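Given the structure is predicted, the values throughout are model-derived calculations rather than measurements. Each ligand, and each atom within it, is numbered from 1 in the order the structure gives. Residue numbers start at 1 and run along the sequence shown.
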Amino acid sequence: MTQTRIGIDAGGTLVKVAYHDKEKIKYQTFSSHKMGDVVSWLYNCFDNPKICVTGGKSQVLANDLDSHVKSIVEFDATCRGVEFLAKHHNLSLGSDFILANIGTGTSIHYIKDGEQQRIGGTGVGGGTLLGLSYLLTKKRSFNEIVQDMMEGNRESVDLKVKDIFEGTVPPISGDLTASNFGKMNGYIQEEPSIPDILASINGLIGETVVTICCQAAHRFNTQSVVYIGSTFRSNPLLKRIIEDYTQLRERKPFFLEDGEFSGAVGALLSLD
Ligand SMILES: Nc1ncnc2c1ncn2[C@@H]1O[C@H](COP(=O)(O)OP(=O)(O)OP(=O)(O)O)[C@@H](O)[C@H]1O
Ligand SMILES: [Mg+2]
């Protein structure tokens, strides 16, 4: 009997698992704060599997497992997983592109001919979405946050360029955000609703990441920006903000199906 191969990306917030089941790759997600759940699931579902781990919390998981596990560098695993998933879903990314992994924080890479180079990042990411949402609305559940923000209107929170340039034509598009959360300072009297605040937090994250990625794309002279990470889960609003803003900055955005499992898939592939 062949051993089941399992790739695990244990990140700052979520543990992503990719494993072979017959001809298919299957996925599973756990909270990084409940590593015991990952261990019990592995013991209950598999008999002596071959495991490769990656990600910032991979050592915590490896220590909790009795058996020996292989470990690989997260950025290489992610890059390998991205290339594999793009091919798998018939998505042509071209020979070079910027890759943004919007996880707990955001890591930004330049990928050329399958080789990755980490070129920067920002602490503004999915952890910021959860953190600011909690501080401003007391909501803790990611699913509730992304659900509620769908009803939100950023116009009551964010200041646009056209709000500043009154009675004159602005030098840049009036629809651009001049200041995220900027309307709170004397521009409106009424309190924004909870969905408005949540939608604006999402906007802050999306626009910050796009700004950095498009500057990187310019620096590396590439047209494409690929976005992955669990922050996109059930979050079509973030995808839309990022898609529109990347296009406005004259770059081509790509979203990878199952992209949040790139690191886990890369780890899995390294066992072949
Ligand atoms: N069920 C969930 N519980 C908590 N956060 C979730 C959930 N689903 C999606 N998210 C979002 O995904 C983000 C984590 O994304 P991801 O799994 O890509 O990061 P990570 O790998 O854990 O972190 P990092 O790579 O920075 O170490 C969270 O910060 C949150 O915004
Ligand atoms: Mg990660």
Are L93 and F255 grouped together when hydrophobic residues (ILVMFWY) are joined by side-chain heavy atoms under 4.5 angstrom apart? no

Could you see which bit of E260 sits under 4.0 Å from ligand 1, with heavy atoms only: side chain, backbone, both or neither? neither

On a heavy-atom basis, I'd like to know which of G103, G56, G126, A10 is closest to atom 14 (C) of ligand 1. G103

Just jot down the ligand 1 atoms closer than 4.0 angstrom to any heavy atom of R233, in number order. 8 (N), 9 (C)

The option among S32, G229, S230 carrying the non-hydrogen atom nearest to atom 9 (C) of ligand 1 is S230

Is it possible for you to check whether K183 lies under 6.0 Å from the centre of the six-membered ring of F181, through NZ or CZ, and within 45° of that ring's axis? no

Within-shell test, G127 vs ligand 1, heavy atom, strictly < 4.0 Å: yes

Over-ring placement of K16 relative to F261, 6.0 Å and 45° cut-offs: no

Taking atom types as modelled, find out whether T54 and D9 have a side-chain donor-acceptor pair closer than 3.5 angstrom. no

At a 4.0 Å threshold, what atoms of ligand 1 neighbour a non-hydrogen atom of G105? 26 (O)

Give the residue, atom name and distance (to 0.1 Å) of the protein heavy atom nearest atom 4 (C) of ligand 1. T13 CG2, 3.9 Å

Could you walk me through whether D175 and K162 pass the salt bridge (Lys or Arg N to Asp or Glu O under 4.0 Å) test, one step at a time? CA-CA 6 Å; D175 274 324; K162 66 183 174 199; 2.8 Å; yes

Restricting to non-hydrogen atoms, name the atom on L204 and the atom on T208 that form the minimum distance, rounded to 0.1 Å. O-OG1, 2.6 Å

Can you find an N or O of D9 that's nearer than 3.5 Å to an N or O of ligand 1? no

Students should be able to answer this: which protein heavy-atom is nearest to atom 27 (O) of ligand 1, and at what distance? G12 N, 2.8 Å

Is K57 near ligand 1, meaning one of its heavy atoms is under 4.0 Å from it? no

Out of T104, N101, T54, T29, who is nearest to atom 23 (O) of ligand 1 when you count heavy atoms only? T104

So, are R249 and E207 salt-bridged, with charged N and O less than 4.0 Å apart? no

Give a yes or no on whether V82 and L85 share a hydrophobic cluster (residues Ile, Leu, Val, Met, Phe, Trp, Tyr; joining criterion: side-chain heavy atoms under 4.5 Å apart). yes

If you compare L129, V15, T231, N143 by their heavy atoms, the one closest to atom 13 (C) of ligand 1 turns out to be T231

Could you list the atoms of ligand 1 found under 4.0 angstrom from a heavy atom of K16? 16 (P), 17 (O), 19 (O), 20 (P), 21 (O), 22 (O)

Side chains of Y245 and T177, donor plus acceptor under 3.5 Å: no

In the protein, what heavy atom is nearest to atom 1 (N) of ligand 1, and what distance, to one decimal place, separates them? L14 CD2, 4.4 Å

